[in-house]
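Just so it is clear, the structure is predicted and the values come from calculations on it, not from any experiment. Just so it is clear: chains get the letters A, B, ... in the order the sequence lines come, proteins before strands, and each one is counted from 1. Below, all heavy atoms of this structure are taken into account, side chains as well, without hydrogens, waters or symmetry copies.
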Amino acid sequence: MKALVTVKRVIDYNVKPRVKADGTGVDLANVKMSMNPFDEIAVEEALRQREKGVVTEVVVVSVGPAKAQETLRTALAMGADRAILVSTDDEVEPLAVAKIIKAIADEEQPGLIITGKQAIDDDSNQTGQMIAALLGRGQGTFANEISVEGDAVTVKREVDGGLETVKLVLPAVITADLRLNEPRYASLPNIMKAKSKPLATKTPADYGVDTTPRLKTLKVGEPPVRLAGIKVADVDALVAKLKEMGVA
Amino acid sequence: MTKVLVWVEHDGATVKDATLSAVTAAAQIGDVIALVVGSGVGGVATSAAQIAGVTKVLVADDAIYANALAENVAPLIAGLLGEYDAFVAPATTTGKNVSPRVAALIDVAQVSDILSVEGPRTFTRPIYAGNAIATVESSDAKLVITVRGTAFAKAEATGGSAPVEAVGAGTESGLSTYVGAEIAKLERPELTSAKIIVSGGRALKDAATFEATITPLADKLGAAIGASRAAVDAGYVPNDYQVGQTGKIVAPEIYIAVGISGAIQHLAGMKDSKTIIAINKDEDAPIFQVADIGLVADLFTAVPDLVGKL
């Protein structure tokens with residue numbers, strides 16, 4: 001069966017985002033961009049399922065600007081078989097991304113769709129669930145471990161109280177949490193090889209999806225600044241402070 | 001008046017605190033109708049009816065809702081939204097699992113993790129791990145929203161007396177089944193509602209050292225225990241201890257960060273705590289930039305010393 005994995009080009013997780021002075025967004029000019037870390041985990045999981053013989057082909061998709069090609073090449077260098085770029089310079093909300101992925105899934109008929117659980121730029125945590133809704137499939141969100149047996153996938157999920165296990169009928173949608181796996185690094189030969197792997201370029205219109213945002217961003221501002229406090233000299237001084245707060 | 005359905009988070013017996021914050025947020029949007037979904041949840045419905053500000057309780061009590069499987073629950077809510085104007089859920093793992101599925105079913109863009117209600121359709125929400133705050137306005141006919149619990153005061157759990165009304169159950173989706181759960185039995189306060197949290201980082205070395213160092217301090221303070229992603233990844237503690245952008249968002253009265261350097265992803269989960277105390281031997285650790293009280297010291301001597309002196 002095929003696995004379809006979604007990847008997003010986002011600000012690198014080590015970079016501290018700066019809000020633009022005019023309040024229109026976050027300054028992304030000359031900022032290091034990378035694959036959303038949760039999507040790397042999603043790609044890795046698809047590759048592992050292929051190595052286990054469960055998955056036969058790993059197709060990666062990104063909805064974003066032309067530069068998202070680099071992100072797709074990274075996924076190809078990790079080992080994905082081919083890529084689809086749905087090219088648009090507009091900001092595309094999770095709902096529209098989900099509609100595009102649904103259209104692609106209708107064509108590709110993947111047994112597994114794996115997404116990162118959230119993108120670290122908009123922190124929405126919606127796309128996987130929305131894809132599952134639109135396709136009428138089961139969803140294994142915040143996956144910590146997955147195993148495919150026959151026509152079902154068992155998903156151990158990270159939930160507030162600990163871990164929960166659900167069994168989903170295939171095809172199904174999985175969203176990757178942090179501890180699903182540790183993604184591999186692409187080797188230099190694989191990076192070279194990735195350059196010749198197939199990458200198709202499409203547009204949202206090719207899939208008949210209107211990406212007009214439903215949410216209008218009125219302003220992007222700085223969070224309230226927390227001022228650094230004091231340093232205490234030793235444990236006794238800390239105990240005194242705690243006592244002042246009525247704790248001890 | 002806007003009629004707002006609020007997801008009641010429960011464990012089958014009691015209403016979870018996260019619900020109370022969601023009720024406060026929902027009350028700023030319109031009339032609050034509490035929605036209790038589960039199996040054998042009559043008691044939960046009775047409790048929900050007492051939450052101050054709740055005008056009505058809807059109960060969908062059926063075996064298919066026993067474990068809040070999104071595949072069964074989302075169509076129920078989507079159906080109710082024919083009659084109601086908004087769906088508000090706490091941003092718990094259940095809320096985050098179910099809400100986007102509801103939103104997609106009714107073709108609405110969800111507003112995730114709101115921090116404030118600025119107008120009938122305008123909200124603020126954190127982006128980039130809380131390094132920026134976006135003010136967004138929805139243009140959809142219906143609203144689907146998740147609420148960051150730490151950003152809203154809890155509604156009073158008692159004092160109300162709303163009528164309870166049963167709603168018909170839907171059908172089993174056939175897409176998913178619940179297998180089981182490994183839910184830790186907590187002997188201490190829950191992370192998201194604790195007044196004091198003691199949190200440990202990678203510097204704690206291993207699971208045994210984490211336990212031996214952090215637990216006595218938490219016990220002494222009656223605190224919940226949290227951890228950085230590094231400590232969870234290294235296997236010192238289970239995943240549900242994680243505080244951060246993608247773990248739990250907490251805002252206790254006092255947050256004590258022990259051996260945590262303060263990556264932005266961790267700060268995103270705790271920087272709204274009232275008082276932050278950091279113990280770290282690296283005086284340049286970023287955690288000191290947000291800490292109200294910092295102690296530059298070796299945690300392996302400072303923490304036991306602190307426990308002894310409290």
Could you tell me which portion of [X] (side chain, backbone, both or neither) has an atom closer than 4.5 angstrom to a non-hydrogen atom of chain A?
X: B:Ser173; value: neither
X: B:Ile276; value: both
X: B:Pro126; value: backbone
X: B:Ile264; value: side chain
X: B:Gln265; value: side chain
X: B:Leu267; value: neither
X: B:Thr301; value: neither
X: B:Glu253; value: neither

What part of [X] is in contact with chain B, defined as an atom under 4.5 angstrom from a non-hydrogen atom: side chain, backbone, both or neither?
X: A:Val26; answer: side chain
X: A:Gln118; answer: side chain
X: A:Ala233; answer: backbone
X: A:Arg179; answer: side chain
X: A:Glu93; answer: side chain
X: A:Tyr13; answer: both
X: A:Pro94; answer: neither
X: A:Arg157; answer: side chain
X: A:Val232; answer: both
X: A:Ala132; answer: both
X: A:Ile11; answer: side chain

Between [X] (side chain) and [Y] (backbone), is there a donor-acceptor pair under 3.5 Å?
X: A:Asp123; Y: B:Ala129; answer: yes
X: B:Arg125; Y: A:Asp122; answer: yes
X: A:Arg226; Y: B:Lys271; answer: yes
X: A:Lys231; Y: B:Phe288; answer: no

If you tally heavy-atom pairs under 4.5 Å against chain B, which of [options] wins?
options: A:Leu163, A:Val166, A:Leu238, A:Val19; value: A:Leu163
options: A:Lys16, A:Glu182, A:Glu164, A:Arg18; value: A:Glu164
options: A:Arg137, A:Gln139, A:Lys241; value: A:Gln139

Exercise. For A:Val159 and B:Thr94, what are the C-alpha separation, side-chain angles and deciding distance, and is it a side-chain contact (heavy atoms from CB on, under 4.5 Å)?
Worked result: CA-CA 8 Å; A:Val159 296; B:Thr94 311; over 6 Å; no
Can a salt bridge be assigned to the pair [X] and [Y] using a cut-off of 4.0 Å between side-chain N and carboxylate O?
X: B:Asp107; Y: A:Lys99; result: yes
X: A:Asp160; Y: B:Lys16; result: no
X: A:Lys156; Y: B:Glu182; result: yes

Problem set entry | B:Asn97 and A:Gln129: side chain donor to acceptor below 3.5 Å | no
Problem set entry | Top contributor to chain A interface from B:Ala268, B:Ser176, B:Ala74 [non-hydrogen pairs under 4.5 Å] | B:Ser176
Problem set entry | Matching residue for B:Tyr128 among A:Val15, A:Asp121, A:Val220, A:Ile120 - test: side chain to side chain contact (heavy atoms under 4.5 Å, CB included) |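 The single option meeting the side chain to side chain contact (heavy atoms under 4.5 Å, CB included) with B:Tyr128 is A:Asp121.
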For this session: Decide yes or no for B:Arg101 and A:Met130: does some side-chain heavy atom of the first lie under 4.5 Å from some side-chain heavy atom of the second?
Result: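 No - every pair of side-chain heavy atoms lies 4.5 Å or more apart.
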Exercise. Taking the side chain as C-beta and beyond, is there a heavy-atom pair between A:Leu218 and B:Val136 under 4.5 Å?
Worked result: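 Heavy-atom side-chain distance check fails, nothing below 4.5 Å.
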Problem set entry | Verdict with reasoning, A:Asp234 to B:Asp305, per side-chain contact (heavy atoms from CB on, under 4.5 Å) | CA-CA 10 Å; A:Asp234 51 29; B:Asp305 194 13; over 6 Å; no
Exercise. Yes or no on side-chain contact (heavy atoms from CB on, under 4.5 Å) for A:Gln126 and B:Val111, after CA distance, side-chain angles and deciding distance?
Worked result: CA-CA 10 Å; A:Gln126 298 176 13; B:Val111 189; over 6 Å; no
Seminar exercise, completed: Minimal heavy-atom distance between B:Val108 and A:Arg214, with the atoms involved, is CA-NH1, 4.1 Å
